[in-house]
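Order of the sequence lines sets the chain letters (A, B, ...), proteins ahead of strands, with each chain counted from 1.
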2 protein chains.
Amino acid sequence: MNKESTGGRPISAQASAALKEAALRLVRAKGYNKVSIAVIAKEAGVARQTLYNRWNTKADLVLDALFEEAQNYAAAPSLNDTRDSRVLLEEFLTNVFHHLTDNGDMMRALIAAAQIDRAFHDTFYAKFVLPRDRMITDLLRLAQTRGEFSSDRNAELVSGFIHGAFWYRLLNRKALNADFARAIISEFFD
Amino acid sequence: MNKESTGGRPISAQASAALKEAALRLVRAKGYNKVSIAVIAKEAGVARQTLYNRWNTKADLVLDALFEEAQNYAAAPSLNDTRDSRVLLEEFLTNVFHHLTDNGDMMRALIAAAQIDRAFHDTFYAKFVLPRDRMITDLLRLAQTRGEFSSDRNAELVSGFIHGAFWYRLLNRKALNADFARAIISEFFD
DNA sequence: TTACTTATTGGACTGAAGTCTAATATTTAT
DNA sequence: ATAAATATTAGACTTCAGTCCAATAAGTAA
């Protein structure tokens, strides 16, 4: 578990940063599928093997880069916020939809990669899908303790329904906007 | 629009059939991503170019093969069936889930291909996604005329929610079973 | 300084998707 | 029979992902 059990040349943080920066920039400029690993490495000024030393696939690199860029990428709604749960959820969804509108190509590509590559699926699910699913589950449970969402309902299940609703729209390349956020609220929350 | 405007060697129906058969068999045996176009062609006993003359990608071929295999692949529920709409929907979903349980790898791969390849997305959406979405939309509208589903609700929107629910489960490699079908019914139909 | 360890680099190599072409085969129209 | 049109075949070629390796660089421990 030590970062360095013995000596040896340290991993270049500069190379890592350059790779992540180049990956995001090129993918945004040209589209995920138009950017090859070789071009990302060249643009970052490092050898291809250096990229493979850090990430197994382009998807792993891009996921990592996205995370680093946006610590606050659609942050979880505060569970201390005293406004109505419907408002909190709507605000959260509207936020997520903005990010998906900006980064839709990338997110669709990552979801696709997770279908093709089992190892990436596991990473993506653990690092991205599940945490986000839990954000809404937690919000629904909060709403239940407040009496704003029926305690009879299964929060996990409903969170899955909500995510399914916008995944389906995303994957079929339909717009994700504030109207759709409101439609979700009124479907599941009333 | 003529099948043959003038003369010329006709397309070999036998080659088409052999390619579709080989594609399904190999994909089921080895998994979608482990089967190359070259191997499918070799197994079918035709040249690779003959495959490309018919389909642009492996995804197009497999989609076609799936359609041919199952004309009755999760057929639309009969709109003349007089049983309660909940029963019709539950039966339909259970059917779909059985097929997705058997062909989940293939379906996930096709959805992934639609994310990577815009042209295939359009084909897949028009030939597969939209018709299936309409089956549930139509069923919900029938339920509305029967007074079994509130006329206030937007059938198209709810159909999208239902599809989203099981797409999300499918793409995250969770089981699709009769319990989940019932959970969907009670969420959206009551 | 020297030995050891690990990272980086550049290049070779394989397998697959996809494009292209020349030669050949199979059909219809004359 | 011959010409015209289209399909099939085999193979060359490019690009990319992914693997592997030997030489070199950059650290740590003695």
* Nearest-nucleotide comparison on DNA chain C, the residue closer to the 5′ end among A:S12 and B:K58 -> A:S12
* Structure fact -> Tracing side-chain contacts under 4.5 Å among Ile, Leu, Val, Met, Phe, Trp and Tyr outward from A:I116 reaches B:I116
* Asked: Got a salt bridge between A:R28 and A:E69, using NZ or NE/NH1/NH2 to carboxylate O under 4.0 Å?
  -> yes
* **A:Q115 (side chain) donor-acceptor with B:R108 (main chain) under 3.5 angstrom** => no
* To do: Please report, rounded to the nearest Å, how far the P atom of C:dA17 is from the CD1 atom of A:I116.
  => 12 Å
* Would B:E156 and B:R134 pass as an ion pair if we require N to O under 4.0 Å? -> no
* Asked: Taking atom C1' of D:dA10 as reference, at what distance in whole Å does atom CG of B:L51 sit?
  -> 15 Å
* So, is A:T50 near the phosphate of C:dT9, with a side-chain N or O under 4.0 Å from OP1 or OP2? -> yes
* **Separation of C:dG15 C1' from B:I40 CD1 (nearest whole Å)** => 15 Å
* Give the rounded distance in Å between these two atoms: CZ of B:F120 and C1' of C:dG18. => 17 Å
* How long is the line joining CH2 of B:W55 and P of D:dT8, in whole Å? -> 10 Å
* Whole-Å distance separating the CZ atom of A:R54 from the P atom of D:dG18 -> 17 Å
* Asked: Are A:N53 and C:dT8 close enough that a side-chain N or O sits under 4.0 Å from OP1 or OP2?
  -> yes
* **Criterion ring-ring contact (aromatic ring centres under 6.0 Å, His included) on A:Y168 and B:Y168, from CA distance to verdict** => CA-CA 8 Å; A:Y168 187 66; B:Y168 187 67; over 10 Å; no
* Asked: Has B:R132 got its NZ or CZ under 6.0 Å from the middle of the six-membered ring of B:F128, at an angle within 45 degrees of the ring axis?
  -> yes
* Using modelled atom types only, decide if a donor and an acceptor are shared between the side chain of B:K58 and the backbone of B:V35 within a distance under 3.5 Å. => yes
* Please determine if B:R54 forms a cation-pi arrangement with B:Y52, meaning its NZ or CZ atom is less than 6.0 Å from the six-membered ring centre and no more than 45° off the ring axis. => no
* Asked: Whole-Å distance between D:dC21 C1' and A:Y52 OH?
  -> 16 Å
Identify the pairs formed between an N or O of the protein and an N or O of nucleotides 11-14 of chain C at a distance under 3.5 Å, and give each distance.
from	atom 1	to	atom 2	distance (Å)
C:dA12	N6	A:R48	NH2	3.1

* Structure fact -> Sorted by position of nearest nucleotide on DNA chain C, 5' first, the leading residue of B:V39 and A:V46 is A:V46
Shorter than 3.5 Å, N or O on both sides, protein versus nucleotides 23-26 of chain D: list them out with atom names.
from	atom 1	to	atom 2	distance (Å)
D:dA25	N3	A:R9	NH1	3.4

* **Aromatic plane relationship, B:F166 with B:F97 - under 30° parallel, 30 to 60° tilted, over 60° perpendicular** => perpendicular
* Asked: Rounded to the Å, how far apart are A:K42 NZ and D:dT15 P?
  -> 12 Å
